[in-house]
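Residue numbers start from 1 in every chain, and the chains themselves are labelled A, B, ... in the order their sequence lines are given, proteins ahead of strands.
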2 protein chains.
Amino acid sequence: MVDLETRELRYFVAVAEELHFGRAAERLGIAQPPLSRAIRLLERRLGVQLLDRDRRGVALTEAGRVLLREAATALDAVAAAARRTRRAADPQRPLVLVTKAGASHELLRRLLDAQAAEPGAVPVEVLLCEIGEQARLLRDGQADVALMHRPYDDLAGFDTEDLHVEGQVAILPAGHPLASRDRLTLADVSDVPDLPIARWPRLDGSYPEGPGPEVRTQSTLAQLVALGRTLLVIPASSRAWQWPEHVAVPVVDAPRVTTVLAWPSGSHSLAVASLVRSAAALRDTAPPADV
Amino acid sequence: MVDLETRELRYFVAVAEELHFGRAAERLGIAQPPLSRAIRLLERRLGVQLLDRDRRGVALTEAGRVLLREAATALDAVAAAARRTRRAADPQRPLVLVTKAGASHELLRRLLDAQAAEPGAVPVEVLLCEIGEQARLLRDGQADVALMHRPYDDLAGFDTEDLHVEGQVAILPAGHPLASRDRLTLADVSDVPDLPIARWPRLDGSYPEGPGPEVRTQSTLAQLVALGRTLLVIPASSRAWQWPEHVAVPVVDAPRVTTVLAWPSGSHSLAVASLVRSAAALRDTAPPADV
DNA sequence: CTCCTGTGATACCCGCCGGGTATGGGCCAG
DNA sequence: CTGGCCCATACCCGGCGGGTATCACAGGAG
């Protein structure tokens, strides 16, 4: 049995991501030789080669790729332990709810209002993040609960409560021929030559091949749409995209999107339970108009 | 931002579980004073009181309870990182499949046969565990894949493939009046005065109140049934209970149990994928007789 | 061919921190 | 009051994590 220390995992992650001992050491705030030694020791303790030191630079072995992935989640778990413990000790800790900026705006407003009206309401702090970040923020304890969207977000490891189902719309630059239609299909929007779909970075930061522009944030994407450089298909209730230059047209055969409230499974927080109750009541009493 | 080391977490878990510095230190193989100091340092770094040192002994604070739970999952994640990394480096690593001893025996046999018949079959090692342990073994990397049972096992954090649905039977000592019936209901078996339901330990090791005998393993339970001291309700295909002194009677209104193949979500292992394919094919070509 | 540059590895030193022993001090039980 | 239990404090030591200086080696420029 080998007991890894989080320091070793942090060091390895830095080297594995930088693929360069010098830069990794700088990022960690230590010198390069101790880092080399630490990684070598880690390899010997595990009995596994993690890196191929080539003449020029460093490459991950298969085992190294596994450890990079596993170490990231393990470090998240450790960070979550610290954060949640501190939060638990804060008597007036607000509940942190994270959601994608601009998504499900109306629903969120109604949820916050409903929760605030509860007797003994726990204050709710709203944290906005970029697409796909909610899962990490929940996992590492920076947030207690999230609004997420099936089937797009990865809900593995979370308990969820469905809140709302809706269709999707294509966001187009006003003035584009497609913008005058009153309904579209996925076929209509999939291969528009002058509006290629934007490309998001993969987990490793690289971009898939394709003609569309590379984007990393919603705001850049919104501006690209306004400039007539790309189109996108999103849930009807998303509001981050309502620029004057934008037109929304329903896409009738796009998959329907379910907005869910998600929280780490096994969470014993009374505050989370209270919010979930509010959400369920909200959905049952006043279902928002579907699109 | 506080970076906890796994050593600190292990120390805290030991103290939190033992609620006694001396015993915790002994369990950790260190002396008591350094342990006291380490815990005190941990509290100061977190800025949170984790333990109430009472006149006599130690009690967990609310924050301490949170950290105990979080630390356990974080340590599991770290251990999983080490184990999975080593496994990844082993060229002829077998795939480890864990299941409750005695459960879904036929299904498992057919699954192993089907997988062995695959071209390029990965060897599968079977690991048997007690009830409720599969999730931990999957989480901490001791197993790659598990047979689990909805709705009884906690499937949070795992991807699953449904394999089989079946009813449940009551296991009774032969000769008991109920044993001669050809069907039972939950009402029939819920309050039999001379056959009280056995009590399993909770996570903290304590037992719920009740008249039934306390059990910790399946084998003790099987013997208690044979002795006519308790009854139990289990999926029809479970085979650990087929002693000569046992009689199985269908319980018509018990919830139906789904046997699922489960693996850590996000697992990129080709071997797991291959086994899942085998399992799906198995189910589609030759569904086992339902009960 | 030579020299320079950039890379990770090695050698060696030092200070800190984790761990040990000895002991103190508060709080029951009797 | 007193002894015992249990955690905290005081103090020492050795190992390890981190630093600097340097080496070894591979390319590339000239």
Find every protein N or O atom lying less than 3.5 Å from an N or O atom of nucleotides 12-17 of chain D, and list the pairs.
unit_1	atom_1	unit_2	atom_2	d
dG17(D)	N7	Arg37(A)	NH2	3.2

Strand contacts (DNA chain D) in residues 64-72 of chain A, 4.0 angstrom heavy-atom criterion
none
Looking only at side-chain N and O atoms, does Gln49(B) offer a donor or acceptor that is under 3.5 Å from a partner on Thr61(B)?
no
List for me each residue that meets salt bridge (charged side-chain N to carboxylate O under 4.0 Å, His left out) alongside Arg69(B), sequence neighbours excluded, and say none if there are none.
none
Interatomic distance, Arg44(A) CZ vs dT10(C) C1' [rounded to whole Å]:
14 Å
Check salt bridge (charged side-chain N to carboxylate O under 4.0 Å, His left out) between Asp159(A) and all other residues, then give those that pass, not counting sequence neighbours.
none
Partner residues of Arg45(B) under the salt bridge (charged side-chain N to carboxylate O under 4.0 Å, His left out) criterion, sequence neighbours left out:
Glu8(B)
Let me know the distance between CD of Gln32(A) and C1' of dC23(D), rounded to the nearest Å.
12 Å
With sequence neighbours excluded, what pairs up with Glu125(A) under the side chain to side chain donor-acceptor pair (under 3.5 Å) test?
none
Can you tell me how far P of dC6(D) sits from CG of Asp52(B), to the nearest Å?
18 Å
The side chain to side chain donor-acceptor pair (under 3.5 Å) partners of Glu70(A) (sequence neighbours excluded) come to Arg84(B)
State whether Arg40(A) places a side-chain N or O below 4.0 Å from either non-bridging phosphate oxygen (OP1 or OP2) of dG8(C).
no
Starting at CD of Glu5(B) and ending at C1' of dC17(C), how long is that distance when rounded to a whole Å?
13 Å
Sequence neighbours excluded, which residues qualify as salt bridge (charged side-chain N to carboxylate O under 4.0 Å, His left out) partners of Arg23(B)?
Glu18(B)
Determine whether Leu51(B) and Glu43(B) make a side-chain contact, defined as any pair of heavy atoms from C-beta on separated by less than 4.5 Å.
yes
Could you pull out all residues at least two apart from Glu62(B) that satisfy side chain to side chain donor-acceptor pair (under 3.5 Å)?
Arg65(B)
Residues from residues 18-29 of chain A lying under 4.0 Å of DNA chain C - heavy atoms
His20(A), Phe21(A), Gly22(A)
Would you mind reading off the distance between Ile30(B) atom CD1 and dC17(C) atom P, rounded to a whole angstrom?
17 Å
Which atom pairs, donor and acceptor, lie under 3.5 Å between side-chain atoms of residues 31-41 of chain B and protein residues at least two apart or in another chain?
unit_1	atom_1	unit_2	atom_2	d
Gln32(B)	NE2	Ser36(B)	OG	3.1

dC7(D) OP1/OP2 closer than 4.0 Å to side-chain N/O of Ser36(B)
no
Qualifying residues under side chain to side chain donor-acceptor pair (under 3.5 Å), relative to Asp76(A), sequence neighbours excluded
Arg139(A)
Nearest to the Pro33(A) side chain among dT20(D), dG8(C), dA8(D), which nucleotide is it?
dT20(D)
